[in-house]
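Structure first, commentary second.
Both ligands and their constituent atoms are indexed starting at 1 by order of listing.
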Amino acid sequence: MKKFFPVNEPRLAGNEALYLEQCIQANEIAAGEFINKFEAEFANHLSVNYAQTVSNGTAALEVALYAAGVKAGDEVILPSFTIISCALAVLRLGAIPVVTDVSPKNLNIEANLIEKCITSNTKAIMVVHIYGHPCDMDPIKELANQYNLKIIEDCAEAHGAEYKNNLCGSLGDVSTFSFYANKHITTGEGGMVVTNSEEINSRAGFYKNLCFEKNERFHHNELGYNFRLSNIQCAVGLAQLEKFNSALEHKIICGERYRENLKDIPYFMMQNEESWAKQVYWVYCIRIRDGFPANAKEAMRLLKNEGVDTRPFFKGMHDQPALKKLGLFSDVECPITDLAYKNGFYLPSGLNISLNDIDQVCDIVESVFNKLAK
Ligand SMILES: *Cc1c(COP(=O)(O)O)cnc(C)c1O
């Protein structure tokens, strides 16, 4: 039988089972000590003051925007090339998503593109470090200072990545992570909101827990949601965090192996590593050069036939019927995003993949592209 290479898989090789057993022994499945432990260890590991668990990475973005003070009618600038979670979080608060195109080199949002979108209603910039590669933050921070904007940093794909030796997650006013099963650490479903600001942290805790008032518990001045993460999930998260360094090391070794193996194939580009970046290869990306006789869809289909599982790149927010129906983005053009969507996909990048697997995948990639080129 042909070997199958899954695009992504979690790795549960530490204290997960032990800590889950402890939750059950203690009869603590909802609230419990693993929540505080996971939050404290996570804050410590990023060297930030506060970390607040939430139920997933999408909720984390909504909580972060609320906590940063984004309100109905405010504009939030974000990249078109991202997951819909980013635009959804803005919309859920009644705020207005304003999207920009991205850098053709690293597929991230950039200061010069952001600046063109700033109006008197702009309240925040949501940066998304895409596919494990950090954004160029210094010029973005300069803009934020100049126009008095908050920076929300979506680190779901960049856990462990660094910008000029500073970890992603410590570069904005408030930063978010996802612990979905394909992320660097997982709790099944889960997320985190981190910040150095006591006020932002306290607003995040308020919003994720139904906006209970401190003095009169069942009296509500604002509408919040239940975005809590359970003790069971935090038990898994703590075990995962203990193995974070080895997981990250594996990601980087795998990414470098792919880069080395594929560097002489002329038909596609790989993700550049910019001078400011330590990238972490959350997934291993390929962009077919424009003019090549096949697009991503066709290449992915042939790879699947050979047992190589892949995923397409994001389709831009400016091109989403669900968002356009709301009257958004009617005159927005994002050619780089469109081209990335047409030509981009990523290769098996899970935490259980071996270097030998990668060598086999690369051989298949090479033969599929040679075939398509003819
Ligand atoms: C995975 C991801 C999210 C959403 O996280 P969920 O936990 O799946 O809700 C948000 N932003 C980016 C960039 C992601 O990759």
Report task. Looking only at distances, please establish whether an N/O atom of ligand 1 is found under 3.5 Å from an N/O atom of Thr82. Result -> no

Once you restrict to heavy atoms under 4.0 Å, what part of [X] touches ligand 1? Side chain, backbone, both or neither.
X	value
Thr58	both
Asp154	side chain
Asn182	neither

Query raised in the report: Out of Ser178, Ala156, Cys86, Ser85, whose heavy atom is nearest to atom 5 (O) of ligand 1?
Result: Ser178

Requested in this report: Closest by any non-hydrogen atom to atom 3 (C) of ligand 1: pick that one out of His129, Lys183, Glu157.
Outcome: Lys183

Within 45° cone and under 6.0 Å: [X] NZ/CZ vs [Y] ring:
X	Y	result
Lys37	Phe34	yes
Arg203	Tyr66	yes
Arg287	Phe268	no
Arg92	Tyr225	yes

Query raised in the report: For ligand 1, which atoms, with element, lie under 4.0 Å from some heavy atom of Val128?
Result: 13 (C)

Report summary line: For Asn56, the atoms of ligand 1 under 4.0 Å from one of its heavy atoms are 7 (O), 9 (O)

Are the aromatic ring centres of [X] and [Y] under 6.0 angstrom apart?
X	Y	value
Phe313	Tyr341	no
Phe179	Phe42	yes
Phe369	Phe292	yes

**Report entry** Nearest neighbour in protein (non-hydrogen) for atom 6 (P) of ligand 1
**Finding:** Gly57 N, 3.4 Å

